[in-house]
Protein chains: 2
Amino acid sequence: MSDDLAARLREQGLRLTPQRQLILRAVEELGHATPDDVLAHVRSQVSSVNASTVYRTLEVLEELGLVRHTHLSDRAPTYHSTTEHEHVHVVCRRCHAVRSYDPSLVGPLVAALSEDGFTVDVGHLAIFGECAECAASSERNAIARTLSKE
Amino acid sequence: MSDDLAARLREQGLRLTPQRQLILRAVEELGHATPDDVLAHVRSQVSSVNASTVYRTLEVLEELGLVRHTHLSDRAPTYHSTTEHEHVHVVCRRCHAVRSYDPSLVGPLVAALSEDGFTVDVGHLAIFGECAECAASSERNAIARTLSKE
DNA sequence: CTGAATGCAAACATTTTGCATGGAT
DNA sequence: ATCCATGCAAAATGTTTGCATTCAG
């Protein structure tokens, strides 16, 4: 995988540096990580890596197609490795649980938009809503409230 | 519409202020506006409205169900009025054009996830990708590049 | 009058930029 | 030796917070 890094960098006349290797590895190991997560992880191994390097490197890695980002919260974006198979993110806004789904989940959507000539970026998709558990618990609370008023 | 504002505020023991009216009106008039857009628009009519008031008010208006927000870029969120019928946002990452689609576009997706007990927040959905026009123009460029190399 | 809402300033979180230095090729 | 990449510091961007003041109810 990291051979990929060297190869792709070379293709573009870019250079292989320890930081770039570490940052790519961090993304691969962390799963869904914000730039800050990546920074912390890299720093736990090697001191003195700079935040701006993380930002610049994530940008490069994304251009090379080695990582991708999505927005799983209203805050910082999260990056993940493209060695994972492509997936759609489904996020519960209440408990913040993130589940990954097979791209076939949005097959009909992709098909419908492709009729308009639009190509969906499936890997970037984040679908927000409320998960089963949270719906159940908030329903329980509503019932409890009702009962206590009687 | 603004009667709604007064009514809903009262329900919650909150107060009707000129700022709240202006900010709601701004969102309605602007369509898809960032907090900063809203601030600028309101200030063009009345001087001295504060950014923090805009943030706090948008939060209140969203809790009251009068506005909604989505993320149409990697930058600031955009707010729109809920008097518009609910819609799904489709965004071209290249030309940044935003098209609104009927929620039926994601009907199958909503149905599939509801089988897992997950309720999709359709109005918050933003689907990124590349539109027909941009695909066509980038293809033209690719061909032009190829030809010039021969 | 009372407490909710505003303005202001400062803090905070995240990201970007310019520039000198360092290091990969 | 070249010039890309890094570190550092400062600035830019977007948002939140505490507190005194104001004003809606």
Side-chain angles (χ1 to χ4, degrees), chain A residues 2-3 5-27 32-43 45-64 66-67 69-79, chain B residues 2-3 5-27 32-43 45-64 66-67 69-79:
Chain A
S2 294
D3 315 331
L5 176 56
R8 306 236 191 163
L9 285 169
R10 215 173 308 119
E11 277 174 28
Q12 309 291 321
L14 301 178
R15 293 172 184 175
L16 180 63
T17 67
Q19 286 89 335
R20 284 176 175 174
Q21 301 181 70
L22 287 167
I23 290 168
L24 176 56
R25 182 136 33 97
V27 172
H32 287 116
T34 64
D36 211 55
D37 294 336
V38 171
L39 180 61
H41 191 252
V42 172
R43 275 190 173 153
Q45 307 174 319
V46 179
S47 59
S48 124
V49 176
N50 199 270
S52 54
T53 299
V54 172
Y55 284 105
R56 288 191 274 230
T57 299
L58 289 172
E59 196 179 331
V60 169
L61 294 178
E62 189 154 32
E63 278 163 11
L64 296 180
L66 297 172
V67 306
H69 83 274
T70 38
H71 300 272
L72 266 29
S73 76
D74 286 354
R75 297 287 186 156
T78 62
Y79 287 78
Chain B
S2 296
D3 315 331
L5 176 56
R8 307 238 191 161
L9 286 169
R10 215 172 309 120
E11 277 173 28
Q12 309 292 321
L14 301 177
R15 293 171 185 179
L16 180 62
T17 66
Q19 287 89 335
R20 284 175 175 174
Q21 300 182 71
L22 288 167
I23 289 168
L24 176 56
R25 182 134 33 97
V27 171
H32 287 116
T34 64
D36 211 56
D37 293 336
V38 171
L39 179 62
H41 191 252
V42 171
R43 274 191 173 151
Q45 308 174 319
V46 179
S47 58
S48 124
V49 177
N50 199 271
S52 55
T53 299
V54 171
Y55 284 105
R56 289 192 273 230
T57 299
L58 289 172
E59 196 179 329
V60 168
L61 295 178
E62 190 154 31
E63 278 163 11
L64 296 180
L66 297 172
V67 306
H69 83 275
T70 38
H71 299 272
L72 267 29
S73 77
D74 287 353
R75 299 289 187 152
T78 62
Y79 287 78

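- Between A/His32 and A/Asp37, the side chains place no donor N or O within less than 3.5 Å of an acceptor N or O (distance only, hydrogens not considered).
- Note: CG (A/Leu5) to C1' (D/dA5) measures 13 Å, nearest angstrom.
- Toward the 5′ end of DNA chain C lies the nearest nucleotide of B/Arg43, the other residue of the pair B/Arg43 and B/Arg75 mapping further downstream.
- To the nearest angstrom, P of C/dA5 lies 11 Å from CD of B/Glu63.
- Although no hydrogens or angles enter the test, the distance criterion places no donor-acceptor pair under 3.5 Å between the side chain of A/Thr70 and the main chain of A/Leu72.
- Judged by distance alone, with hydrogens and angles left aside, B/Arg56 brings a side-chain donor or acceptor within reach of the base of C/dG7, the pair sitting under 3.5 Å.
- Nearer to the 5' terminus of DNA chain C, by closest-nucleotide assignment, is the contact made by A/Pro35 (compared with the other of A/Pro35 and A/Pro18).
- Side-chain contact between B/Leu58 and B/Pro35 is present, with heavy atoms from C-beta onward closer than 4.5 Å.
- As rounded to whole Å, 15 Å separates atom P of C/dA13 from atom CG of A/Leu39.
- Closest non-hydrogen pair, A/Val42 versus A/Leu22, comes out as CG2-O, 3.9 Å.
- Between A/Leu5 atom CG and A/Leu64 atom CG the span is 7.5 Å, to the nearest 0.5 Å.
- Considering only side-chain N and O atoms, A/Thr17 lies nowhere under 4.0 angstrom from the phosphate OP1 or OP2 of C/dA24.
- Between B/Ser52 and D/dT16 there is no side-chain polar atom (N or O) within less than 4.0 angstrom of OP1 or OP2.
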**Report entry** Audit row: A/Thr17, A/Leu9, side chain to side chain contact (heavy atoms under 4.5 Å, CB included) steps and yes/no
**Finding:** CA-CA 10 Å; A/Thr17 67; A/Leu9 285 169; over 6 Å; no
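- Using five terminal pairs a side, the axes of the helix from C/dC1-D/dG25 to C/dT25-D/dA1 at its two ends make an angle of 30°, given in steps of 10 degrees.
- Atom CZ in B/Arg10 sits roughly 17 Å away from atom P in C/dA4 (whole-Å rounding).
- Between B/Asp37 atom CG and D/dT13 atom P the separation is 14 Å, expressed in whole Å.
- Distance, B/Glu11 CD to D/dG25 C1': 17 Å, rounded to whole Å.
- Put simply, OH on A/Tyr55 is 16 Å from P on D/dT6, counting in whole angstrom units.
- Picking from C/dC8, D/dT6, D/dG25 the nucleotide with the shortest atom distance to the side chain of B/Arg15 gives D/dG25.
- Two residues, A/Gln19 and B/Ala51, neighbour DNA chain D, and the one matched to the more 5' nucleotide by heavy-atom proximity is A/Gln19.
- The nearest whole Å value for the distance from the NE2 atom in B/His69 to the C1' atom in D/dT15 is 13 Å.
- Side-chain contact of A/Asp36 with A/Thr34: a donor-acceptor pair under 3.5 Å is absent, judged by distance alone.
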